[in-house]
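Inspection log for the structure reproduced underneath, given as structure tokens.
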Protein chains: 2
Amino acid sequence: MAERTYHHGNLRAALIDAGLQLLEEGGIEAVGIRSAARVTGVSHAAPARYFPTATSFLAAVAAVGYERLAAALAEAVNSAEDALSAFRAAGLAYVAFARREPNTFRALTHPSLADKSQHPDLLSASNRAFDVLRAAVVRAQADGHVVSAAPAALALTAWSTVHGISALIVDDQLAAKGYADDPDDLAEEVLATLFLGLRPTEG
Amino acid sequence: MAERTYHHGNLRAALIDAGLQLLEEGGIEAVGIRSAARVTGVSHAAPARYFPTATSFLAAVAAVGYERLAAALAEAVNSAEDALSAFRAAGLAYVAFARREPNTFRALTHPSLADKSQHPDLLSASNRAFDVLRAAVVRAQADGHVVSAAPAALALTAWSTVHGISALIVDDQLAAKGYADDPDDLAEEVLATLFLGLRPTEG
DNA sequence: TCCCAATGTTGACACTGTCTATATTGGCGG
DNA sequence: CCGCCAATATAGACAGTGTCAACATTGGGA
């Protein structure tokens, strides 16, 4: 901060902060190399040393978004009482995160970041968030609340479900598609259906 | 086509065709007002009369994508034997569409189109696709294969599920998340879980 | 202390979307 | 059949973007 000289100190982190701020304020379209440089008070080409391309900058910002998501999921899981309610809390936390930070949520699945193999940090952050859900599945299996199939497949199913409903809620598609009630109710209903489908056959 | 004069005839449709071509070839990032004009062989500002803003052009292209999706769903539903397999076929057709036209699929949920209320044609096309799924739900209810709750909520649940898994498959996230098998198998598994969750309680 | 490698800056280029002013022309009333 | 007008397309300009190459600055180790 304050009265910086020629060398910034930790420009990389400062740029990512600026990117997060731009993201929150103006959506993903507002996140750019030059605007981030401007916010940071640095020349327009300075970011190039840390982010060779505009997409790589976006990826770095989105990676922080995934970290936040992972943290939100982990907190929900940890503050739950039993394995099933932990799994359930993770699902609700996913939807809650999307609603709380819609612009961040949308950034996570931005088309230009579709190929995550180009952005290792983004990929690992994404997987870290997923692993929280996967761990919750494994524990719910151990407690007999979830059918004992491959955890990866079950976690992918759960991820799909909560991601899909989050996308619909965040983009405000409910009313247009004939659902007039509280989005929270829908999230609960969707999760209930999911859990019913994941239940072990005849306990 | 061929030797056009000053007035094009149906520039609007030609531009959308160009947009679809650009989309298929280079992804959504390649779809722009100027590039579409270039492909169409028209001046860079000509599209402005039909598409006042770049986003509105994108919306028109995406609307065609939703129409295609709706058609694919409808065909799957219509060529099925009974109500339950029609519902199931619709789900598989959704995933198949996403895999067949990944760039089109990604365009449908592009962040800049998140607010569909700004783009009536896009909204109605999107709803048309959704209605195919909703009708399938209703029929499956009538045949006793699906719990009798509000169709809108159930259809939203189904949409969420198939959309989520499609997004994961299209962005090639399966292997990175520990699923090494055939994506088709996963799609079937996810649908099976969905149907299990949607089944009427004890028949 | 000196120097060099790491870090920022400056300037330029091609590209984009958007605006305003201008040119072209098909089709209508006379 | 003619002439004009409104619809349609063009031309030019401007601000903004990402990216590149040449240059300036400086901190920290030999």
Between C:dT16 (P) and B:Leu58 (CG): distance, integer Å: 15 Å

Scan for ring-ring contact (aromatic ring centres under 6.0 Å, His included) pairs involving residues 150-173 of chain B, sequence neighbours excluded, and state none if there are none. B:Tyr94-B:Trp159, B:Phe105-B:His163, B:Phe130-B:Trp159

Which atom pair, heavy atoms only, marks the closest approach of A:Ser35 to A:Leu22? OG-CD1, 3.5 Å

Separation of B:Leu15 atom CG from D:dA9 atom C1', in whole Å? 11 Å

Per atom distances to the A:Arg49 side chain, the nearest of C:dT7, C:dA12, D:dA9 is C:dT7

Pick base, sugar-phosphate or nothing for A:Tyr50, based on heavy-atom distances below 4.0 Å to the nucleic acid. sugar-phosphate

Taking DNA chain C as the partner, which of residues 108-118 of chain B come within under 4.0 angstrom of it by heavy atom? none

Separation of C:dT9 C1' from A:His8 NE2 (nearest whole Å): 15 Å

Near-strand residues of residues 30-41 of chain A, defined as heavy-atom separation under 4.0 angstrom from DNA chain C: A:Arg34

For A:Lys177, is there an ion pair with B:Asp131 - N to carboxylate O distance below 4.0 angstrom? no

Look at all strands and tell whether B:Phe51 reaches a base, only sugar-phosphate, or nothing, counting heavy atoms closer than 4.0 Å. nothing

Any Lys/Arg nitrogen of A:Asp172 or B:Lys116 sitting under 4.0 Å from an Asp/Glu carboxylate oxygen of the other? no

Interatomic distance where CD belongs to A:Glu29 and C1' belongs to C:dT16 [whole Å]: 13 Å

To the nearest angstrom, the CG-P distance between A:Asn10 and C:dT7 comes to 12 Å

The salt bridge (charged side-chain N to carboxylate O under 4.0 Å, His left out) partners of B:Arg34 (sequence neighbours excluded) come to none

For B:Val31 and B:Phe57 the tightest heavy-atom approach is CG1-CE2, 3.8 Å

Under 4.0 Å between a side-chain nitrogen and a carboxylate oxygen: does that hold for B:Asp82 and B:Arg139? no

Round to a whole Å and report the spacing from CD1 of A:Ile28 to C1' of D:dT17. 16 Å

Give the C-alpha distance, both sets of side-chain angles, the deciding distance and a yes or no for ring pair (Phe, Tyr, Trp, His ring centres under 6.0 Å) between A:Phe195 and A:Phe87. CA-CA 9 Å; A:Phe195 291 154; A:Phe87 188 16; 5.0 Å; yes

Name all residues meeting the ring pair (Phe, Tyr, Trp, His ring centres under 6.0 Å) criterion together with A:Tyr66; count only those two or more places apart in sequence or in a different chain, and write none if there are none. none

With a cut-off of less than 4.0 Å, is there a side-chain N or O of A:Thr53 near OP1 or OP2 of D:dT19? yes

Spacing between A:His44 atom NE2 and D:dG16 atom P, to the nearest angstrom: 14 Å

Enter the distance from A:Glu101:CD to A:Leu69:CG here, rounded to the nearest 0.5 Å. 9.5 Å

Given C:dT10, C:dG8, D:dA9, the nucleotide with the shortest approach to the side chain of B:Leu11: D:dA9

Consider the side chain of B:Ala54, meaning its heavy atoms from C-beta on, and name the nucleotide among C:dG17, D:dT10, C:dT9 that approaches it most closely. C:dG17

Measure across A:Val170 and A:Pro102 and return the closest heavy-atom pair with its distance rounded to 0.1 Å. CG1-CB, 3.9 Å

Stems in DNA chain D, runs of 3 or more consecutive Watson-Crick or G-U wobble pairs with both distances under 3.5 Å, sorted by first number, are C:1-30 with D:1-30

Does B:Glu24 reach the side chain of B:Thr104, with side-chain heavy atoms less than 4.5 Å apart? no

